[in-house]
**Student:** 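Before I ask anything, let me first share the structure, which is written out below as structure tokens.
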Number of protein chains: 4
Amino acid sequence: MTTTKKAAPPSERRTHLIRLAADLFAEKGFRATTVREIADAAGILSGSLYHHFDSKESIGDEILREFLDDVVGGYRSAVEGADDPRVAIEKMVRSSTAALSRHRAALTMLQNDWAYFSAQKRFAYLRTAMKEIEQTWIDQLERGKQDGHFRADLDARLVYRLLRDILWIPTSWKQSRGKSWKTDEIVDGLLRLLFEGITAR
Amino acid sequence: MTTTKKAAPPSERRTHLIRLAADLFAEKGFRATTVREIADAAGILSGSLYHHFDSKESIGDEILREFLDDVVGGYRSAVEGADDPRVAIEKMVRSSTAALSRHRAALTMLQNDWAYFSAQKRFAYLRTAMKEIEQTWIDQLERGKQDGHFRADLDARLVYRLLRDILWIPTSWKQSRGKSWKTDEIVDGLLRLLFEGITAR
Amino acid sequence: MTTTKKAAPPSERRTHLIRLAADLFAEKGFRATTVREIADAAGILSGSLYHHFDSKESIGDEILREFLDDVVGGYRSAVEGADDPRVAIEKMVRSSTAALSRHRAALTMLQNDWAYFSAQKRFAYLRTAMKEIEQTWIDQLERGKQDGHFRADLDARLVYRLLRDILWIPTSWKQSRGKSWKTDEIVDGLLRLLFEGITAR
Amino acid sequence: MTTTKKAAPPSERRTHLIRLAADLFAEKGFRATTVREIADAAGILSGSLYHHFDSKESIGDEILREFLDDVVGGYRSAVEGADDPRVAIEKMVRSSTAALSRHRAALTMLQNDWAYFSAQKRFAYLRTAMKEIEQTWIDQLERGKQDGHFRADLDARLVYRLLRDILWIPTSWKQSRGKSWKTDEIVDGLLRLLFEGITAR
DNA sequence: TATGAATGAGACTTCATTCAT
DNA sequence: AATGAATGAAGTCTCATTCAT
């Protein structure tokens, strides 16, 4: 299911190249990264990359696909094993955070170049996956409203939008200069802010 | 006497062109927008743009500068007239939201191409302004912690980071397809989420 | 004889504009100077220049024509009133130097952009004038050889070439930073070098 | 370890391209030569040049640098092995002439576009080298004045200026239409003119 | 006379991609 | 697997010139 027509066998070299590319994409965005830069990082000439991939986009494709598979998979199992929407949401937050830290590059790519990717047939699965993700969140939030855990006046879709973007934020902090938080700190901070707000009780 | 070499006088035509460019930048990002697209939108040839601007970047410069002036100005007056940090923060949120809706393009530009801009001398003021903004937030949050309004265990810098990015989110929703919220709804949702979290009391 | 089809009447404004243009040409060369720079110097817009001239080249034309008229005229009267070729040459040197200092721009234009001008029909007179100049020099040098004033082994054409270019040199020094010589000093130095060389006797 | 980032290794193809470019620069000047003309001469598309060089200017840089290294190197060894300033100067003249004929293009570039190059940081070495060249000449001329070989009333700097430009002249004659002199003839003519003037004894 | 706006040709440059070796 | 060279499309910018007002 994951392989398209041309997807070459995942040799070690290939995997290494994807990782190099992903790091560059994470730093500068997909479009802003040139094939030459990737090749430079690998110590080869840009033309030589085309022995491993048939295009720059197919590198992007591989990175994005793995990311979304990871996230969607995580959400599915988060929801499955949770009766309480509050628990489900906590699991989803933790699962998201973990997936994001495993696929930092994918996030930058989606943030910076969403319009670019989503306009292409090849990347139609992006929209599909995002829809499933959105639905999962909304389902849990609605469930929480109905059983009284969450405030009844929440606009589930609005909160989802906020949450989705909020969850994405900390990833982009990694490797940035200045104080850096541990993932756990961030997640806990997030959850607390989410459930309780900043006001003292 | 009134004209400086570089800060070309803001003729009507010029202002109009900047608006057209800003719309495109908002849609597709600064780098992804070509000079020709801007010219097409204006119904002229791409070279003709250079009658009004010396470079694509100087268009970007103008848009970003106005935006940051607006935001920083808003924060200053928000802080000045507020004894209670809670009030200050509410004012800052409202002021941000207003500024962001006035300068939608600037935000997209910063989000998509921050690395590109901030690496250039010409855009050094971006970092300067961001620092002032950060400090303003942190000051108010710390004040709130000390006088007991906010939870004592808040990491002010962490919360600021979250907030900053959260505030930016709704802007990118405008003009997007699907359900759209009114600005007031969004701001109120945000403030409520911020102060109280999603949990029912 | 000096007017071509379109040559506008030499109003004061026009003359002033030509002087401004000439200064810029002298500094940076004809091609390297843009119409906009000329207009800027005059405090008008570049399009407005076309009320006075039908093209950038016609400005160049006027400058070059005046210069060559001046030089050729000077040579003619130098030769007329001189029995001794030594005297004729001294007069030619002084006349050249004077003409060059009056038309500094023309020189830069010819030096930098000779290939450009001389390839155009419009500037055919450049070649004509240069031929007359060359012939005048060669005539005097040959005369000097025959009557024993100059060394019999001089290659007149070679010496002319050297001299022509040598005479042009000091002009380009004016306004340059560092020590500057008076015109008289330069001319005397030149003449002495020419007639006697640098060796002590 | 041998390759620096910018000073791309001199492949054969690269060297060939530089030679082609240099010929064009010599003919028409640096600025007046377009990248497309260079590419045409090489039988490739203009964009393909950028596989070998990062810019037109870097081609110019390479040509100019080699030239100045050659000239300065030649002057140094001319001065080292010569007790008599007269001998030193003769060596310098011969060394200049040789270097100039090896780097004809560089000369045209400096003559036509000196203002353009010398205004750029990248070409700061031009000024440095010119200063060393000037100082070398002046030193030898002063030495000759003091030991009585040269006339005591010579203005060393003035003579240098004349000489420098005079030495440059013959190069521009090569390949020009009309009678052409052999290099030796030119140099001997020059030296004789320099030491003895044109007057018969 | 001058302005303000625009044209159009052509300059330099970038970059994903191809391909013979 | 990789190199070295090239393509070709597209992008930013320059500049002499035109023209309605």
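Throughout, protein chains are lettered first and strands after them, A, B, ... in sequence-line order, and every chain is numbered starting at 1. In what follows, every heavy atom counts, from backbone to side chain, and hydrogens, waters and symmetry copies are set aside.
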**Student:** From NE2 of D:His16 over to P of F:dA6, roughly how many Å is that when rounded to an integer?
**Tutor:** 9 Å
**Student:** Can you tell me which stems DNA chain E forms when a stem means 3 or more consecutive Watson-Crick or G-U pairs under 3.5 Å?
**Tutor:**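 Counting only runs of 3 or more consecutive pairs, the stems involving DNA chain E are E:2-21 with F:2-21.
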**Student:** Does D:Arg36 have more than 12 heavy atoms from other residues, nucleotides or ligands lying within 6.0 Å of its CZ?
**Tutor:** no
**Student:** With DNA chain F as reference, determine whether D:Gly43 or A:Leu17 sits nearer its 5' end, using the nearest nucleotide of each.
**Tutor:** A:Leu17
**Student:** Is it the case that more than 12 heavy atoms not belonging to D:Arg19 sit under 6.0 Å from its CZ atom?
**Tutor:**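 Open.
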**Student:** Does OP1 or OP2 of E:dT18 have a side-chain N or O of A:Tyr50 closer than 4.0 Å?
**Tutor:** no
**Student:** How do D:Glu12 and B:Phe30 order along DNA chain F: which one's closest nucleotide is nearer the 5' end?
**Tutor:** D:Glu12
**Student:** Output yes when at least one side-chain N/O atom of D:Ser48 is less than 4.0 Å from OP1 or OP2 of F:dA5, else no.
**Tutor:**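 No.
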**Student:** Does E:dA2 have OP1 or OP2 under 4.0 Å away from a side-chain N or O of C:His52?
**Tutor:** yes
**Student:** Which nucleotide in the set E:dC12, E:dG4, F:dA6 lies at the smallest distance from any side-chain heavy atom of D:His51?
**Tutor:** F:dA6
**Student:** Taking the six-membered ring for Trp and the single ring otherwise, decide whether the centroids of B:Phe123 and B:Tyr116 are under 6.0 Å apart.
**Tutor:**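 That pair fails the under 6.0 Å test.
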**Student:** Grab the CG-P distance between A:Asp113 and E:dA16 for me, whole Å please.
**Tutor:**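 After rounding, the reported distance stands at 12 Å.
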**Student:** Can you check the D:Arg36 CZ to E:dC12 P distance for me, whole Å?
**Tutor:**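 Nearest whole value for this atom pair: 9 Å.
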**Student:** Rounded to whole Å, how long is the line connecting atom CZ of C:Arg31 with atom P of F:dC15?
**Tutor:** 13 Å
**Student:** Of the candidate nucleotides E:dT17, E:dC12, E:dA2, which contains the atom at the shortest distance from the side chain of A:Ser55?
**Tutor:**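 Ranking E:dT17, E:dC12, E:dA2 by closest atom to the A:Ser55 side chain puts E:dT17 first.
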**Student:** So if I take every side-chain heavy atom of B:Thr34 and compare against E:dA6, E:dC12, F:dT12, which nucleotide ends up nearest?
**Tutor:**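 Selected nucleotide (nearest to the side chain): F:dT12.
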**Student:** Residues in ring-ring contact (aromatic ring centres under 6.0 Å, His included) with D:Phe53, at least two apart?
**Tutor:** none
**Student:** Of the nucleotides F:dT7, F:dA16, F:dA2, which has the atom closest to the D:Ile44 side chain?
**Tutor:** F:dT7
**Student:** Looking at CD1 of A:Ile59 and CG of A:Asp54, how far apart are the two atoms once the value is rounded to the nearest 0.5 Å?
**Tutor:**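 CG of A:Asp54 is found 9.5 Å from CD1 of A:Ile59.
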**Student:** Rounded to the nearest Å, what distance is computed from the CD atom of residue C:Glu37 to the P atom of nucleotide F:dT14?
**Tutor:** 12 Å
**Student:** In whole Å, what is the span from the CZ atom of D:Phe53 to the P atom of E:dT14?
**Tutor:**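 Going from CZ in D:Phe53 over to P in E:dT14 covers 14 Å.
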**Student:** Of all the choices, F:dA6, E:dT17, E:dA5, which nucleotide is nearest to the side chain of D:Arg13 once you look at every atom?
**Tutor:** F:dA6
**Student:** Using atom C1' in both nucleotides, what's the gap between F:dT21 and E:dT1 to the nearest angstrom?
**Tutor:**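 The same atom, C1', in both gives a distance of 13 Å.
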**Student:** Show, in sequence, the C-alpha distance, side-chain angles and deciding distance for C:Arg14 and C:Glu62, and conclude whether the salt bridge (Lys or Arg N to Asp or Glu O under 4.0 Å) test is met.
**Tutor:** CA-CA 11 Å; C:Arg14 194 185 151 84; C:Glu62 233 153 297; 2.5 Å; yes
**Student:** Separation of B:Lys56 atom NZ from E:dT14 atom P, in whole Å?
**Tutor:** 14 Å
**Student:** Rounded to the nearest Å, what distance is computed from the CD atom of residue A:Glu57 to the P atom of nucleotide E:dC15?
**Tutor:**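 It is 16 Å, rounded to the nearest whole Å.
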**Student:** For A:Gly47 and D:Thr33, take the nucleotide of DNA chain E holding the closest heavy atom to each; which residue's nucleotide lies nearer the 5' end?
**Tutor:** D:Thr33
**Student:** Grab the two heavy atoms, one from D:Ala105 and one from D:Ile63, that are nearest each other, plus how far apart they are.
**Tutor:**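 Where D:Ala105 meets D:Ile63 most closely, the heavy atoms are CB-CG2, 4.5 Å.
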**Student:** Between C:Leu45 and B:Leu49, which residue's closest nucleotide on DNA chain E lies nearer the 5′ terminus?
**Tutor:** C:Leu45
**Student:** Between C:Arg122, C:Met109, C:Arg127, which is the residue that forms a side-chain contact (heavy atoms from CB on, under 4.5 Å) with C:Phe117?
**Tutor:**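 Of C:Arg122, C:Met109, C:Arg127, side-chain contact (heavy atoms from CB on, under 4.5 Å) with C:Phe117 is met by C:Met109 alone.
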